[in-house]
Amino acid sequence: MNMTDYMNKQLDGVQSSSILAFSTFAQQIPKIVNFTLGEPDFNTPNHIKDAAIRSIKENHSHYAPSNGTQELRQNAADFLKQKYSLKYQSDEIIVTAGATEALYTAILSVLNPGDKVIIPTPTFPLYIADVILAGGQPILVDTSATGFKLTSDVLKQTLEKEGAQVKLIILNYPSNPTGVMYTQEELDQLANILRNKPIFALCDEIYSELSYGANYASLAKSLREQTILVTGVSKSHAMTGWRIGLLCAPQKLSSELSKIHQFTITSTATVTQDAATEALGNGKDDAIPMKNKYQKRRDYILKCLDALGFHSAKPSGAFYIFTKIAPDLEQDDVKFAYDLAENGLVAAVPGSYFGPGGAHYLRLSYATSLDESKRGMKLLQEFVAKKRAQPKN
């Protein structure tokens, strides 16, 4: 008897992460330059680590309140108000085990079996998997023809086509994998279409502190009553391993969201909450020096890619470049990426792993040092030169 035949059938629609598989493959290659990693290469600031040490010494080793300590939720509310003019009360914020749990909690709380979810692509595959696990139906909308943004016209057309079963739209800005950001005007236009419809908007803003010159924009400003906002300290404070996310929504929604959270993880670790309290209270600008270094890396890599004939949408935020493979080279992005890793010693994630609109692209993360970025671009130049020197069939 094969017991896997009796497991949750939703698992049949979820594949193991191709991104993780490729990254694992690439890391086995000696001296490879790795542009696959989606986490800061910086260490957590010392004042945050000191706060965690104090927490341990003071024996903060017991359960925290399920939705998070009052101090952390208040600091989060103050941070969002001061930095982004977003007004959430502390009881409208839930502290989660990273943004990942916040997304899972929101999706599971909102969807009923068969509900449709609009997901602009290319996108981070986690959203698609979570929707499937919740019994929902992902509606993937290719945005490659509109600058990797969901426009109000496309949203209107999609809603007309998909009908009343649409329950949720998921937006991520700045975007993984493209680094694209929306303007407030663009989000306002989307809000005007969604307003007063029984459709939730789940907005992943985990990269909000990493924007390069663009003004902060959020759907929560124009559609607060229907918006569930996800953020955290992973990218802003180089705290990926601390696993602290923030799930923000109007009080009536947050009280419902907390049910899934409570019965999934009970509460996040008290010590890491104390560290995040310090990060949001006394580290409001911790991201600035990291952001300045990211921008230098971005500009250098973009210049090199442009010189090689790779076309990239200039990212306004996050730490990713989504670049189109030069037209005279192999256009199967999976084949190209594996060839580049094995024979060029450069690891970049195939764009097709991010859904419709990603074919022929590569995602490069510049969350790696400038010296490594320079070495990687030199290796890429050598790889491309060899390919172009080969006789055409």
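- Using a 4.5 Å heavy-atom cutoff, the side chains of Leu103 and Thr96 are not in contact.
- Side chain to side chain, Glu71 and Asn75 fail the donor-acceptor criterion of an N or O pair below 3.5 Å.
- In this structure, Thr143 contributes its side chain and Thr121 its backbone to a donor-acceptor pair below 3.5 Å.
- Taking OG of Ser373 as the reference point, atom CG of Asp371 lies at 8.5 Å (rounded to 0.5 Å).
- Within a 6.0 Å sphere centred on CD of Gln89, other residues, nucleotides and ligands contribute 12 heavy atoms or fewer.
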### Query
Where do Tyr216 and Ser208 land on the side-chain contact (heavy atoms from CB on, under 4.5 Å) test, with the steps shown first?
CA-CA 7 Å; Tyr216 171 82; Ser208 60; 4.1 Å; yes

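- Residues Ile170 and Val131 form a side-chain contact, since some pair of their non-hydrogen atoms from C-beta on lies under 4.5 Å apart.
- Between the side chain of Asp115 and the main chain of Lys167, no donor-acceptor pair closer than 3.5 Å is present.
- In this structure, a donor-acceptor pair under 3.5 Å is absent between the side chains of Asp41 and Thr368.
- Enclosure of atom CZ in Phe383 by more than 12 non-hydrogen atoms of other residues, nucleotides or ligands within 6.0 angstrom is indicated.
- Atom CD of Gln15 has 12 or fewer neighbouring heavy atoms from other residues, nucleotides or ligands inside a 6.0 Å radius.
- Side-chain contact check for Lys116 versus Pro138: every heavy-atom pair is 4.5 Å or farther apart.
- The closest side-chain donor-acceptor pair between Gln82 and Asp78, if any, does not fall under 3.5 angstrom.
- For the residue pair Thr158 and Glu162, no side-chain donor N or O sits within less than 3.5 Å of a side-chain acceptor on the partner.
- The main-chain N or O of Leu20 is found under 3.5 Å from a side-chain atom of Thr24 such that the two form a donor-acceptor pair.
- Under a cutoff of 6.0 Å and an axis angle of 45°, Lys374 and Tyr300 form a cation-pi pair.
- Counting only distance, with no hydrogens or angles, the side chain of Glu92 and the backbone of Gln251 share a donor-acceptor pair below 3.5 Å.
- Ionic pairing of Asp339 and Lys387 is present here: one or more N-O contacts between side-chain nitrogen and carboxylate oxygen are shorter than 4.0 angstrom.
- Between the side chains of Ser90 and Gln70, a donor-acceptor pair is found at a separation under 3.5 Å.
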### Query
side-chain hydrogen bond (donor to acceptor under 3.5 Å, both in side chains) between Ser144 and Asp142: does it pass, once the steps are laid out?
CA-CA 6 Å; Ser144 58; Asp142 182 352; 2.7 Å; yes

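- Ion pairing of Lys378 with Glu382 is present here, as a side-chain N (NZ or NE/NH1/NH2) and a carboxylate O approach within less than 4.0 Å.
- Side-chain N or O atoms of Thr105 include none that pairs as donor or acceptor with a backbone N or O of Ala102 at under 3.5 Å.
- For the ring pair (Phe, Tyr, Trp, His ring centres under 6.0 Å) with Phe22, the qualifying choice from Phe354, Tyr338, Phe35, Phe336 is Tyr338, the only one to do so.
- A donor-acceptor contact shorter than 3.5 Å is absent between the side chain of Thr227 and the backbone of Leu229.
- Counted within 6.0 Å of CD on Glu58, heavy atoms from surrounding residues, nucleotides or ligands total more than 12; the atom is thus considered enclosed.
- When side chains are defined from C-beta on, Ile169 does not count as touching Val117, because their heavy atoms never get closer than 4.5 Å.
- The closest side-chain heavy-atom distance from Leu133 to Leu108 is not below 4.5 Å.
- Side chains of Leu345 and Val33 form no contact here, defined as non-hydrogen atoms less than 4.5 Å apart.
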### Message
I'd like to know whether Leu247 forms a side-chain contact (heavy atoms from CB on, under 4.5 Å) with Leu257, so could you lay out the CA-CA distance, the side-chain angles of the two residues, the decisive distance to 0.1 Å, and finally the verdict.
### Response
CA-CA 9 Å; Leu247 183 58; Leu257 294 167; 4.1 Å; yes

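- Side-chain atoms of Thr266 and Gln262 form no donor-acceptor pair, as typed in the model, at a separation below 3.5 Å.
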### Task
Kindly determine whether Ile199 and Leu168 satisfy side-chain contact (heavy atoms from CB on, under 4.5 Å), including the steps that lead there.
CA-CA 5 Å; Ile199 300 173; Leu168 176 67; 5.6 Å; no

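- In this structure, the side chains of Ile321 and Lys314 stay at 4.5 Å or more apart for every pair of heavy atoms.
- A salt bridge is absent between Glu330 and Lys335; no separation between the charged side-chain nitrogens and carboxylate oxygens falls under 4.0 Å.
- Classification of the Tyr127-Phe124 ring pair by plane angle, with boundaries at 30° and 60°, yields perpendicular.
- Residue pairs meeting the side chain to side chain donor-acceptor pair (under 3.5 Å) criterion with at least one member in residues 283-292, sequence neighbours excluded, are His47-Asp286, Lys83-Asp285.
- Here Asp274 does not pair with Arg54 in a salt bridge; the nearest charged N to carboxylate O distance is not below 4.0 Å.
- To the nearest 0.5 Å, the span separating OG on Ser55 from CG on Asp50 amounts to 12.5 Å.
- For Tyr212 and Tyr294, the ring centers sit 6.0 Å or farther from each other.
- Summarising the local packing, CG of Asn43 is surrounded by 12 or fewer heavy atoms from other residues, nucleotides or ligands at distances under 6.0 Å.
- Atom NZ of Lys57 has 12 or fewer heavy atoms from other residues, nucleotides or ligands within 6.0 Å.
- The side-chain heavy atoms of Arg224 and Pro250, taken from C-beta on, include a pair separated by under 4.5 Å.
- Leu80 and Leu202 fall into different hydrophobic clusters, where Ile, Leu, Val, Met, Phe, Trp and Tyr residues are linked whenever their side-chain heavy atoms come under 4.5 Å apart, directly or through other members.
- For the 3.5 Å distance criterion, the side chains of Thr151 and Asp153 fail to qualify, holding no donor opposite an acceptor.
- Between the side chains of Ser352 and Asp333, a donor-acceptor pair is found at a separation under 3.5 Å.
- No chain of hydrophobic side-chain contacts below 4.5 Å, direct or via other Ile, Leu, Val, Met, Phe, Trp or Tyr residues, connects Leu210 to Met181.
- Under a 3.5 Å cut-off, the side chain of His237 and the backbone N or O of Ala279 do form a donor-acceptor pair.
- More than 12 heavy atoms of other residues, nucleotides or ligands shown are found within 6.0 angstrom of CG on Asn8.
- Checked against Tyr84 for a side-chain hydrogen bond (donor to acceptor under 3.5 Å, both in side chains), the options Glu205, Lys221, Glu209 give a single hit: Glu209.
- No more than 12 heavy atoms of other residues, nucleotides or ligands lie within 6.0 Å of NZ in Lys324, so this atom counts as exposed by the packing criterion.
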Result block: side-chain N/O donor-acceptor pairs under 3.5 angstrom for residues 356-367, not counting sequence neighbours:
from   : atom 1 : to     : atom 2 : distance (Å)
His360 : ND1    : Gln331 : O      : 2.8
Arg363 : NH1    : Asn176 : OD1    : 2.8
Arg363 : NH2    : Thr36  : O      : 2.8
Ser365 : OG     : Leu37  : O      : 2.5
Ser365 : OG     : Ala367 : N      : 3.2
Tyr366 : OH     : Ala318 : O      : 3.2

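- To the nearest 0.5 angstrom, Ser175 atom OG is 11.0 Å from Lys149 atom NZ.
- Of the possible donor and acceptor atoms, one in the side chain of Glu186 sits under 3.5 Å from a partner among the backbone N and O of Thr183.
- Closest approach of Ile107 and Ala134 over heavy atoms only: CG2-CB, 4.0 Å.
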### Message
Working note: Ile228 + Cys203, criterion side-chain contact (heavy atoms from CB on, under 4.5 Å); need CA distance, chi angles, decisive distance, verdict.
### Response
CA-CA 6 Å; Ile228 301 170; Cys203 297; over 6 Å; no

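- No hydrogens or angles considered: a donor-acceptor pair under 3.5 Å links the side chains of Thr4 and Asn2.
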